Amino acid sequence: MTAGGGNQLISVHPEELKFIFELEKQSFCDLKVINNTEHHVAFKVKTTSPKKYFVRPNTGVVQPWDSCIIRVTLQAQRESPPDMQCKDKFLLQSTIVPSNTDVDDLPPDTFNKDSGKTIEECKLRVVYVSPSSAQGNLEDEGLVSATRSPDANSALQRLKDERDAAVRQTQLLQQDLDMLKRRGQRKGVRGFSLMFAAFVGLIGIMVGLILNLLLSSPPPTVPQND
């Protein structure tokens with residue numbers, strides 16, 4: 001099963017994990033998992049190199065016709081792979097589960113093929129790109145205007161990256177909040193749920209203020225030489 005198209009339980013975008021590789025620096029790639037069915041679908045992410053990557057969340061349940069974001073973080077590496085070629089692979093398994101199933105309710109054999117369940121698998125390859133190549137791709141796609149100065153291009157791209165990171169972080173926090181709300185309702189834990197909701201609400205307000213500043217601030221201009 002590939003990452004997109006077809007009649008599978010879930011769709012995954014993008015179809016490959018692409019990381020900007022720099023020594024001693026972390027990099028991340030976000031995957032969007034879409035439930036294509038009217039059922040609750042559980043997923044689990046596996047990798048051939050679990051010590052190199054941090055996956056959040058690595059297991060979850062997506063409600064009918066809903067979606068979620070999975071953030072895969074490449075830990076800081078001390079050595080570059082030969083010719084920037086990465087042989088790491090990821091596998092995303094999915095299966096239908098009963099309605100209103102929470103991730104904590106998943107039995108240990110949920111993704112075991114021997115259990116008789118239908119388990120779909122989506123294989124994702126990993127691609128490393130250098131910072132210079134990534135900048136070149138942005139220019140080829142027209143995301144950076146050729147009429148702006150290099151300094152303005154760099155500042156604008158930083159603003160876009162910070163804005164996108166803030167949006168992704170807000171989505172991840174919302175997912176965590178929704179999951180904890182469901183746990184609190186099932187276990188009757190009210191005080192903690194309210195406290196966490198207030199905490200996440202405060203973070204959401206801060207992220208909103210940062211986004212407003214980023215979106216409202218024009219890119220720096222560079223004086224033109226006569």
Side-chain angles (χ1 to χ4, degrees), residues 1-22 25-37 41-77 80-81 83-95 103 111 119-144 156-176 178 207 211 214:
M1 168 181 162
T2 56
N7 297 319
Q8 62 263 44
L9 299 177
I10 61 174
S11 299
V12 183
H13 304 282
E15 297 184 357
E16 62 184 13
L17 288 157
K18 185 175 292 186
F19 298 94
I20 299 177
F21 187 92
E22 294 184 80
K25 289 186 178 181
Q26 287 188 344
S27 180
F28 67 86
C29 178
D30 286 340
L31 294 174
K32 184 174 184 179
V33 177
I34 304 172
N35 184 350
N36 299 321
T37 75
V41 175
F43 69 84
K44 184 178 183 64
V45 182
K46 298 180 179 180
T47 178
T48 56
S49 302
K51 293 183 179 181
K52 288 175 60 177
Y53 302 93
F54 176 71
V55 183
R56 175 191 178 199
N58 65 342
T59 306
V61 177
V62 187
Q63 298 184 18
W65 312 113
D66 202 357
S67 64
C68 74
I69 301 296
I70 302 174
R71 170 160 293 189
V72 182
T73 302
L74 170 65
Q75 304 297 333
Q77 301 295 305
S80 300
D83 300 324
M84 291 292 285
Q85 298 298 314
C86 180
K87 298 182 179 180
D88 299 336
K89 298 288 189 301
F90 278 78
L91 179 69
L92 196 151
Q93 296 178 306
S94 58
T95 186
V103 64
F111 302 97
I119 309 294
E120 292 190 356
E121 295 183 341
C122 174
K123 296 179 181 180
L124 301 168
R125 72 189 189 102
V126 176
V127 177
Y128 290 163
V129 295
S130 64
S132 58
S133 297
Q135 180 65 24
N137 290 336
L138 289 175
E139 292 175 352
D140 293 340
E141 294 171 3
L143 295 180
V144 180
L156 181 60
Q157 186 57 44
R158 283 198 301 271
L159 289 175
K160 289 181 178 179
D161 292 342
E162 291 173 0
R163 179 197 63 190
D164 293 342
V167 170
R168 296 188 191 99
Q169 189 62 31
T170 301
Q171 292 173 335
L172 291 170
L173 287 171
Q174 185 60 48
Q175 287 178 200
D176 290 344
D178 292 340
V207 170
L211 281 175
L214 293 178

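For clarity, every value in this text was computed on a predicted model and none was experimentally measured.
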Tell me, with the steps shown, if Val72 and Phe19 meet side chain to side chain contact (heavy atoms under 4.5 Å, CB included).
-> CA-CA 9 Å; Val72 182; Phe19 298 94; 3.8 Å; yes
Of the non-hydrogen atoms in [X] and [Y], which two are nearest, and what is the gap between them?
{"X": "Cys122", "Y": "Val12", "result": "SG-CG2, 4.1 Å"}
{"X": "Ile69", "Y": "Pro57", "result": "O-CD, 3.7 Å"}
{"X": "Val41", "Y": "Thr37", "result": "CG2-OG1, 3.7 Å"}
{"X": "Trp65", "Y": "Asn36", "result": "CZ3-O, 2.9 Å"}
{"X": "Phe111", "Y": "Ala42", "result": "CE2-O, 3.7 Å"}
{"X": "Ile10", "Y": "Val33", "result": "CD1-CG1, 3.9 Å"}

For the pair Phe90 and Tyr53, name the ring-plane relationship: parallel under 30°, tilted 30 to 60°, perpendicular over 60°.
-> perpendicular
If you measure from [atom1] on [X] to [atom2] on [Y], what distance do you get to the nearest 0.5 Å?
{"X": "Gln26", "Y": "Phe54", "atom1": "CD", "atom2": "CZ", "answer": "9.5 Å"}
{"X": "Leu17", "Y": "Ser27", "atom1": "CG", "atom2": "OG", "answer": "10.5 Å"}
{"X": "Lys87", "Y": "Arg125", "atom1": "NZ", "atom2": "CZ", "answer": "14.0 Å"}
{"X": "Ile70", "Y": "Phe28", "atom1": "CD1", "atom2": "CZ", "answer": "15.0 Å"}
{"X": "Lys123", "Y": "Leu92", "atom1": "NZ", "atom2": "CG", "answer": "13.0 Å"}
{"X": "Lys46", "Y": "Glu121", "atom1": "NZ", "atom2": "CD", "answer": "7.5 Å"}

For Thr48, what residues pass the side chain to side chain donor-acceptor pair (under 3.5 Å) criterion, not counting sequence neighbours?
-> none
Can you name the residues that form a side chain to side chain donor-acceptor pair (under 3.5 Å) with Lys32, not counting sequence neighbours?
-> none
Short question: side chain of Asn35, backbone of Gln63 - any donor-acceptor pair under 3.5 Å?
-> yes
Answer with yes or no whether the side chains of Ser49 and Thr47 bring together a donor and an acceptor at under 3.5 Å.
-> no
Intermediate values then yes/no, side chain to side chain contact (heavy atoms under 4.5 Å, CB included), Lys52 and Gln75 = CA-CA 6 Å; Lys52 288 175 60 177; Gln75 304 297 333; 5.7 Å; no
Side chains of Ser130 and Phe21: does their closest heavy-atom pair fall under 4.5 Å?
-> no
Within a strict 4.5 Å, meaning less than it, do heavy atoms of the Val127 and Glu16 side chains meet?
-> yes
Residue list, side chain to side chain contact (heavy atoms under 4.5 Å, CB included) with Asn58, at least two apart or on another chain = Val55
Might you work through the side chain to side chain contact (heavy atoms under 4.5 Å, CB included) test for Phe43 and Cys68, ending with a clear yes or no?
-> CA-CA 11 Å; Phe43 69 84; Cys68 74; 3.7 Å; yes
Heavy atoms of other groups near Ile119 CD1, more than 12 under 6.0 Å = yes
Evaluation steps, side chain to side chain contact (heavy atoms under 4.5 Å, CB included), between Thr95 and Gln93 = CA-CA 7 Å; Thr95 186; Gln93 296 178 306; over 6 Å; no
